[in-house]
Amino acid sequence: MILRTHYSGDINAEMDGKEVTLAGFAHETRDLGGIAFLVLRDRKGLAQITLVKKLLGKEAFKSARSISRESVVLVKGTVKAEPKAPRGFEILPGEVQVLNPAQVPLPLDPTEKVECELDTRLDARFMDIRRPSVLAAFEIESAVLESLRGFFRENAVTEVFTPKIVAAATEGGTDLFPISYFEKEAFLNQSPQLYKQMLMGAGMDRVFEIGPIFRAEEHDTRRHLNEAVSIDLEVSFADDKAVMEILEQAVAGAYRHVAENCRYQLEVLGLDLKVPSLPFRRITYSEALGLAADKAGAKMQWGDDLDTETERFLGQSIGEHYFLTDWPSSIKPYYTLPYEDHPEVCRGFDLMHPRMELASGAQRVHDYEQLVGRIKEKGLDPDGFEFYLKAFRYGMPPHAGWGLGLSRLVMTMLNLENIRDAVIFPRDRKRLVP
RNA sequence: GUCCGGAUGGUGUAGUGGCCCAUCAUGAAAGCCUGUCGAGCUUUCGACCCGGGUUCGAAUCCCGGUCCGGGCGCCA
């Protein structure tokens with residue numbers, strides 16, 4: 001049995017006279033003596049419950065108007081068209097029931113009248129998410145996932161799950177979280193990269209995975225997390241250019257889906273979402289260095305990874321999504337395919353939003369000998385990759401793919417200040433609870 | 001990790017040596033009020049991160065610590 005018949009947002013003045021049952025939280029009350037207004041909040045909005053002393057009787061009126069803020073309430077009543085009420089209707093209750101009272105004082109103000117620091121909000125995240133603008137971001141995140149899954153389905157991509165508990169630091173470099181796994185040491189996986197490539201060798205042809213990744217890096221910024229959700233794609237018989245087109249379509253499609261299906265949430269956030277136009281600009285790494293060199297003080301050498309300052313400069317001058325392509329092979333991972341005629345440059349790319357990197361991808365090395373050579377060049381030991389390399393000895397299709405950060409996509413889409421605003425229970429350098 | 005800034009009622013803040021048994025808003029408690037919609041009005045409640053020091057006197061200055069924010073670094 002579901003207790004409510006309607007959400008607040010589903011009710012309008014045309015429903016005058018209809019019996020409804022609403023369930024939610026007591027957002028606030030305004031008590032005028034002989035009449036009082038109880039505002040009920042659920043995930044679709046607010047509804048005014050009008051309490052009239054003469055209609056309810058003295059006792060019922062007294063108890064209804066003294067409900068503490070944020071208590072869980074159930075209201076059975078009649079919709080009444082009322083021009084004086086917000087949104088043109090109010091609920092005249094037959095019964096107001098407190099299903100569970102809230103203690104006072106509250107850890108923060110869910111009506112958003114008083115500002116609240118991020119740290120305080122995260123400590124009481126359950127209460128923070130009651131704030132409509134916070135909830136709106138997570139509902140939009142869900143819509144983004146719905147859009148992406150739909151897009152993958154249309155393109156005949158198979159959804160898979162790969163292990164998050166792995167045996168070794170499979171890619172070298174990045175710090176992994178060690179865990180205890182019975183009598184063995186194990187790690188939380190930093191990326192599904194090696195597994196999705198192995199699935200190309202398995203003949204699955206096109207796979208995607210949406211799942212958590214873990215990085216033990218000590219970064220401490222507004223755009224990094226130690227646990228994140230990655231959207232990964234890998235496609236056989238495709239090159240880097242092909243998967244870049246898939247990526248830009250996926251991103252633009254997510255924007256379009258949100259613009260069309262999340263009007264209420266966008267209104268709550270005060271956003272006029274603009275769908276980025278396709279295709280995104282393609283800029284090579286060398287061109288990017290040239291652009292940055294025009295700016296005084298740029299001291300990037302060819303072969304350096306782009307520093308934050310250069311990245312920001314490029315973002316500001318371009319002002320929309322763009323791809324950075326043709327990176328130096330030396331700064332991309334071993335599985336990135338170098339160009340045949342000039343191997344110092346590789347078929348790796350990053351998808352950039354003016355504020356930050358959103359995704360990175362590449363055409364992969366699919367030749368066994370070349371892959372072993374690249375692993376050695378990076379100073380890694382091929383023996384540690386045997387489980388992966390094995391898949392390259394028995395026929396590996398050429399393939400390409402990418403990984404896209406979900407929270408960064410949502411953060412940049414909604415212009416959120418901090419990536420923690422795009423994660424329900426974020427894990428960062430210092431936070432492990434809630 | 002590093003540089004800079006910060007920590008004052010439940011929440012957000014004002015307060016640069018005495019004018020502070022600490023400001024304002026929100027909140028909470030009690031009361032008045034029949035159309036509020038950030039309702040209004042009256043009364044009340046509730047705080048200087050921890051430890052040490054300087055000083056006649058410290059929320060305020062100094063030292064150490066803890067925690068938080070921002071920048072950078074790190075980011076296969």
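The structure presented is a predicted model; accordingly, all values stated were derived computationally and were not measured. Every chain is numbered from 1, with letters handed out A, B, ... down the list of sequences.
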Open item on the list: Any donor-acceptor pair under 3.5 Å linking the side-chain atoms of A:D232 with those of A:S230?
Closed with: yes
Open item on the list: Using Watson-Crick or G-U wobble geometry with both distances under 3.5 Å, which nucleotide pairs with B:C32?
Closed with: B:G40
TODO: Walk me through it: do A:H321 and A:E248 pass the test side chain to side chain donor-acceptor pair (under 3.5 Å)?
DONE: CA-CA 9 Å; A:H321 290 86; A:E248 64 187 353; over 6 Å; no
Open item on the list: When the P atoms of B:G18 and B:U60 are compared, how many Å lie between them, rounded to an integer?
Closed with: 11 Å
Open item on the list: So that I can tick it off, tell me whether A:K113 and A:E28 are bridged by a salt bridge, with the cut-off set at under 4.0 angstrom between side-chain N and carboxylate O.
Closed with: yes
Open item on the list: So for A:Q48 and B:U36, does any side-chain atom that can act as donor or acceptor lie under 3.5 Å from a complementary atom in the base?
Closed with: yes
Task: Base-pairing assignment for B:G1 (Watson-Crick or G-U wobble, both under 3.5 Å) - done: B:C72
Task: Nearest-angstrom distance from the residue atom CG of A:D304 to C1' of B:C74 - done: 15 Å
Task: Nucleotide B:C67, atom C1' - distance to CG of A:L118 in whole Å - done: 14 Å
Task: Separation of B:G38 C1' from A:D31 CG (nearest whole Å) - done: 17 Å
- [ ] In whole angstrom, give me the gap between the C1' atoms of B:U8 and B:C21.
- [x] 15 Å
Open item on the list: Base, sugar-phosphate or nothing for A:N418? Non-hydrogen atoms, less than 4.0 Å.
Closed with: sugar-phosphate
- [ ] Between B:C41 and B:G5, how far apart are the C1' atoms? Round to whole Å, please.
- [x] 42 Å
TODO: Find the distance A:F37:CZ to B:C37:C1' and express it as a whole number of Å.
DONE: 8 Å
Open item on the list: Using a strict threshold of under 4.0 Å (side-chain N to carboxylate O), is an ion pair present between A:R431 and A:D123?
Closed with: yes
- [ ] Give one of base, sugar-phosphate or nothing for A:R312, where a contact means two heavy atoms less than 4.0 Å apart.
- [x] sugar-phosphate
Task: Rounded distance in Å between the C1' positions of B:G6 and B:G15 - done: 15 Å
Task: Side chain of A:K80 - closest among B:G70, B:G12, B:G35 - done: B:G35
Open item on the list: Please tell me whether A:Y335 and A:R364 have a donor and an acceptor in their side chains that are separated by less than 3.5 angstrom.
Closed with: no
Open item on the list: With a 3.5 Å limit on both atom pairs, tell me what B:U16 is paired to, counting Watson-Crick and G-U wobble, or say none.
Closed with: none
Open item on the list: Please report whether the ring centroid of A:F385 lies less than 6.0 Å from that of A:F392.
Closed with: no
- [ ] Provide the distance between the two C1' atoms, one in B:G52 and one in B:U43, to the nearest whole Å.
- [x] 43 Å
Open item on the list: Taking any heavy-atom pair under 4.0 Å as a contact, classify A:K378: base, sugar-phosphate, or nothing.
Closed with: nothing
Task: P-based separation of B:A14 from B:C61 [nearest Å] - done: 15 Å
Open item on the list: Just to be sure I understand the rule, does A:D220 reach a base, reach only the sugar-phosphate, or reach nothing, if contact means heavy atoms closer than 4.0 Å?
Closed with: base
Open item on the list: For B:C21, give the paired nucleotide (Watson-Crick: N1-N3 plus N6-O4 or O6-N4; G-U: N1-O2 and O6-N3; both under 3.5 Å), or none.
Closed with: none
Open item on the list: So if I take every side-chain heavy atom of A:E218 and compare against B:U36, B:G1, B:G70, which nucleotide ends up nearest?
Closed with: B:G1
Open item on the list: Could you tell me how far apart A:L306 (CG) and B:C72 (C1') are, to the nearest whole angstrom?
Closed with: 16 Å
Task: salt_bridge(A:D326, A:R282) N-O dist < 4.0 Å - done: no
Open item on the list: Between the base of B:G35 and the side chain of A:E90, is there a donor and acceptor pair under 3.5 angstrom?
Closed with: yes
Task: Watson-Crick or G-U counterpart of B:U55, or none if no pair lies under 3.5 Å - done: none
Task: Contact summary for A:P110 and A:R41, nearest pair of heavy atoms - done: CB-NH1, 4.2 Å
Open item on the list: Let's see if you can work this out: which of B:G38, B:C68, B:G71 has an atom nearest to the side-chain heavy atoms of A:K430?
Closed with: B:C68
TODO: Look at all strands and tell whether A:A85 reaches a base, only sugar-phosphate, or nothing, counting heavy atoms closer than 4.0 Å.
DONE: base
Open item on the list: Atom NZ of residue position A:K164 - does it have more than 12 heavy atoms of other residues, nucleotides or ligands inside 6.0 Å?
Closed with: yes
TODO: Round to a whole Å and report the spacing from CZ of A:F61 to P of B:C32.
DONE: 11 Å
Open item on the list: Counting the atoms with a prime plus P, OP1 and OP2 as sugar-phosphate, which does A:E115 contact under 4.0 Å by heavy atoms, base, sugar-phosphate, or nothing?
Closed with: sugar-phosphate
TODO: With the side chain of A:H224 defined as its heavy atoms from C-beta on, choose the nearest nucleotide among B:G38, B:G35, B:C74.
DONE: B:C74
TODO: Write down the distance between CE (A:M356) and P (B:G71), rounded to a whole number of angstrom.
DONE: 10 Å
Open item on the list: Taking the minimum atom-to-atom distance to the side chain of A:E217, which one of B:C75, B:G35, B:G73 wins?
Closed with: B:C75
Open item on the list: Pick the closest RNA chain B nucleotide for A:S68 and for A:E117 by heavy atoms, then say which residue is nearer the 5' end.
Closed with: A:E117
TODO: Kindly say whether, by distance alone, the side chain of A:H219 makes a donor-acceptor pair under 3.5 Å with the base of B:C75?
DONE: no
TODO: Using a heavy-atom cut-off of under 4.0 Å over every strand shown, decide if A:T111 touches base, sugar-phosphate, or nothing.
DONE: nothing
Task: Any A:K113 side-chain nitrogen or oxygen under 4.0 Å from OP1 or OP2 of B:G27 - done: yes
Task: Euclidean distance for P, B:C63 against B:C68 (whole angstrom) - done: 22 Å
TODO: Would you mind telling me which of B:A28, B:G35, B:U13 lies closest to the side-chain atoms of A:T50?
DONE: B:G35
Open item on the list: Categorize A:P107 for me: base, sugar-phosphate, or nothing, with a 4.0 angstrom heavy-atom threshold over every strand shown.
Closed with: sugar-phosphate
Open item on the list: Heavy atoms from C-beta onward define the side chain here; which of B:C72, B:G38, B:G1 lies closest to that of A:E28?
Closed with: B:G38
TODO: Considering only atom C1', compute the distance from B:G9 to B:C24 and round it to an integer number of Å.
DONE: 13 Å
TODO: Find the distance A:L56:CG to B:U34:P and express it as a whole number of Å.
DONE: 15 Å
Open item on the list: Does B:G71 have its OP1 or OP2 closer than 4.0 Å to a side-chain nitrogen or oxygen of A:R222?
Closed with: yes
TODO: Counting heavy atoms from C-beta on, name the nucleotide in B:G10, B:U11, B:G35 closest to the side chain of A:C116.
DONE: B:U11
